[in-house]
Amino acid sequence: MSDVSDDDFREILAQTRQFVRSAVVPRESEIVAGDKVPDDLRDQAMKMGLFGYAIPQQWGGLGLDITQDVELAMELGYTCLSLRSMFGTNNGIAGQVLVGFGTDEQRTRWLEPIATGEVVASFALTEPGAGSNPSGLKTKAVRDGDHWVINGSKQYITNAPVANLFIVFARTRPADANGAGIAVFLVPADTRGVEVGSKDAKMGQEGAWTSDVTFTDVRVGTDALIGGSEDHGYRAAMTSLARGRIHIAALAVGTAQRALDESVAYAATATQGGTPIGSFQLVQAMLADQQSGVMAGRALVRDAAQKWLHDEDRRIAPSVAKLFCTEMAGKVADLAVQVHGGAGYMRGVPVERIYREVRLLRLYEGTSEIQRLIIGGGLVKEAQRSR
């Protein structure tokens, strides 16, 4: 449950909304042009506690629960997604592995600097041949006395160029009856043998940096094994990703809301033949489809978050929310460009940036296809169990 009262959360949400809309939105062109979130915005986010909003208060964070997390994410999605990406991994897929599976010593050592932003944590799971399905990963960790030796390559790793700590998933043995044989390790970025590649050139999300990371005979102590068990890795990845899917769904809703707002504002003021285009019924129909998608997505995210919080559904509901909301955001962004006409295709216009940015939401933390497999397969298994 949450460490934060409803009244306190309303204040956190209001401050975040003010920060996003007053401080970040006016500087979106600067972020895109420089491929960087300016340092003063990063410093402001740190002071507001955004690097640790989902880390429990006992470990130095704000302690928001998943239902509060999604409300915050919908606000953060309203601007360049690189802002959220800057601290999203600390709160989400990386930080939650430590919160859920770390030993007390590991939490004490790492969670407070992660929550303050002093340490940027990076989730090193994806690799060539193993993306949405971690069971295919090839990175290996071999026990050598009081150490583990890690070898392998990861790709598309968010925040890798600026990371201080990698949460690294590696295979310690072939999958067997005892488990998937996947462990997860804490690897400081300055460990010998860790090599971070050059920054990836992406379609969108300027300012959110990703790169390859290579581990060559990287030696870490046995205390680097998260939870002290070789078999935590697969469950840690699946649990962390499932929670993250609700967060990404909320982010998609926030972005879709921005695309809708931009579309309505443009339709109300832009004219054709002296008539505002919003007077045309076919334009109104596009706005109606956008509004319907945004409202349905918001309701779905809130429902999935409640189900997660009360441990009613931590598998199918997160995938349903991510599938629907990220696909919806893509459609809303496409309609936003259509409403804007030629102007929507021009750099510097918010809907052009949004159109490029939302495309990634259907790929990371499990593609839409993976979500469909989880949902469909889960429904069939439930039916078979109940027979």
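Because only heavy atoms are used, hydrogens play no part in the values below, and waters and symmetry mates are left out as well, while side chains stay in. For the single chain, residues carry numbers from 1 onward in sequence order.
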Does the pair Val149 and Val218 meet the rule for a side chain to side chain contact (heavy atoms under 4.5 Å, CB included), with working shown? CA-CA 5 Å; Val149 181; Val218 172; over 6 Å; no
What distance separates Tyr364 OH from Leu241 CG, expressed to the nearest 0.5 Å?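 If we round to the nearest 0.5 Å, Tyr364:OH and Leu241:CG are 12.5 Å apart.
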Spacing of Ser263 atom OG and Ile277 atom CD1 [to the nearest 0.5 Å]: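 Reported value, rounded in 0.5 Å steps: 9.0 Å.
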Would Asp261 and Tyr78 count as a side-chain hydrogen bond (donor to acceptor under 3.5 Å, both in side chains) if you check the C-alpha gap in whole Å, the side-chain angles of each, and the deciding distance to 0.1 Å? CA-CA 10 Å; Asp261 290 352; Tyr78 203 78; 2.6 Å; yes
Just by modelled atom types, is the [Y] backbone N or O under 3.5 Å from a matching donor or acceptor in the [X] side chain?
X	Y	result
Ser5	Asp8	yes
Ser240	Ala237	no
Asp200	Ile157	no
Gln68	Asp65	yes
Thr275	Thr271	no
Gln205	Glu357	yes
Thr367	Ile370	yes
Thr116	Pro113	yes
Gln155	Asp212	no
Asp231	Gly179	no

If you look at every heavy atom in [X] and [Y], which pair is closest and at what distance?
X	Y	answer
Cys325	Val301	SG-CG2, 3.7 Å
Ala45	Met86	CB-CE, 4.2 Å
Leu76	Leu251	C-CD1, 4.2 Å
Gly330	Val358	CA-CG2, 4.0 Å
Asp144	Arg219	OD2-NH1, 3.0 Å
Ala268	Pro276	O-CB, 3.9 Å

Within-4.5 Å side-chain heavy-atom neighbours: [X] and [Y]:
X	Y	value
Val24	Ile31	yes
Phe51	Arg42	yes
Thr172	Ile182	no
Ile93	Ile167	no
Ile375	Ile316	yes
Val168	Phe215	yes
Thr139	Arg171	no
Thr67	Gln306	yes

Can you run down the salt bridge (Lys or Arg N to Asp or Glu O under 4.0 Å) pairs that involve residues 174-191, sequence neighbours left out, and say none if there aren't any?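 Qualifying pairs: Arg173-Asp176.
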Please collect all salt bridge (Lys or Arg N to Asp or Glu O under 4.0 Å) contacts where either partner lies in residues 321-347, sequence neighbours excluded, each pair once.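 Checked against salt bridge (Lys or Arg N to Asp or Glu O under 4.0 Å) - neighbours excluded - the pairs reaching residues 321-347 are Glu327-Arg362, Arg347-Glu352.
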Can you tell me if [X] has over 12 outside heavy atoms packed within less than 6.0 Å of its [atom1]?
X	atom1	value
Phe101	CZ	yes
Gln57	CD	yes
Gln338	CD	no
Met346	CE	yes
Tyr355	OH	no
Gln281	CD	no
Phe280	CZ	yes
Lys199	NZ	yes

Going only through I, L, V, M, F, W and Y residues with side-chain contacts under 4.5 Å, is there a path from [X] to [Y]?
X	Y	result
Met328	Val320	yes
Leu137	Ile150	no
Leu50	Leu62	yes
Trp209	Leu363	no

Check [Y] with [X], please: is the shortest side-chain N to carboxylate O separation under 4.0 Å?
X	Y	value
Glu365	Arg245	no
Lys307	Asp303	yes
Arg356	Glu206	yes

Any pair counted as side-chain hydrogen bond (donor to acceptor under 3.5 Å, both in side chains), so long as it reaches residues 10-29, sequence neighbours left out: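 Listed once each, the pairs are Asp7-Arg10, Glu11-Gln15, Arg17-Glu75, Gln18-Ser22, Arg27-Glu30, Arg27-Asp40, Glu28-Thr79, Glu28-Arg258, Glu28-Arg353.
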Check whether the side chains of Asn151 and Asp217 place a donor and an acceptor atom closer than 3.5 Å, and report yes or no.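 There is such a pair between these side chains.
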Would you check, one step at a time, whether the test side chain to side chain contact (heavy atoms under 4.5 Å, CB included) holds for Ser85 with Thr158? CA-CA 8 Å; Ser85 187; Thr158 300; 3.4 Å; yes
Given Asn159 and Ser122, is the side-chain hydrogen bond (donor to acceptor under 3.5 Å, both in side chains) satisfied, shown in steps? CA-CA 6 Å; Asn159 288 334; Ser122 202; 6.0 Å; no
Using the side-chain hydrogen bond (donor to acceptor under 3.5 Å, both in side chains) rule, take Glu127 and Ser153 through it: C-alpha gap first, then chi angles, then the decisive distance, then the call. CA-CA 6 Å; Glu127 58 188 57; Ser153 296; over 6 Å; no
Can you list the steps and then say if Ile246 with Arg243 is a side chain to side chain contact (heavy atoms under 4.5 Å, CB included)? CA-CA 6 Å; Ile246 305 175; Arg243 187 187 188 282; 5.7 Å; no
When the ring planes of Phe87 and Tyr53 are compared, do they come out parallel, tilted or perpendicular, using 30° and 60° as the limits?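 Geometry flag for Tyr53 against Phe87: perpendicular rings.
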Step-by-step ring-ring contact (aromatic ring centres under 6.0 Å, His included) determination, Phe123 to Phe166: CA-CA 6 Å; Phe123 186 82; Phe166 289 105; over 10 Å; no
Could you please spell out the steps behind the side chain to side chain contact (heavy atoms under 4.5 Å, CB included) verdict for Arg107 and Thr103? CA-CA 6 Å; Arg107 293 181 184 129; Thr103 64; over 6 Å; no
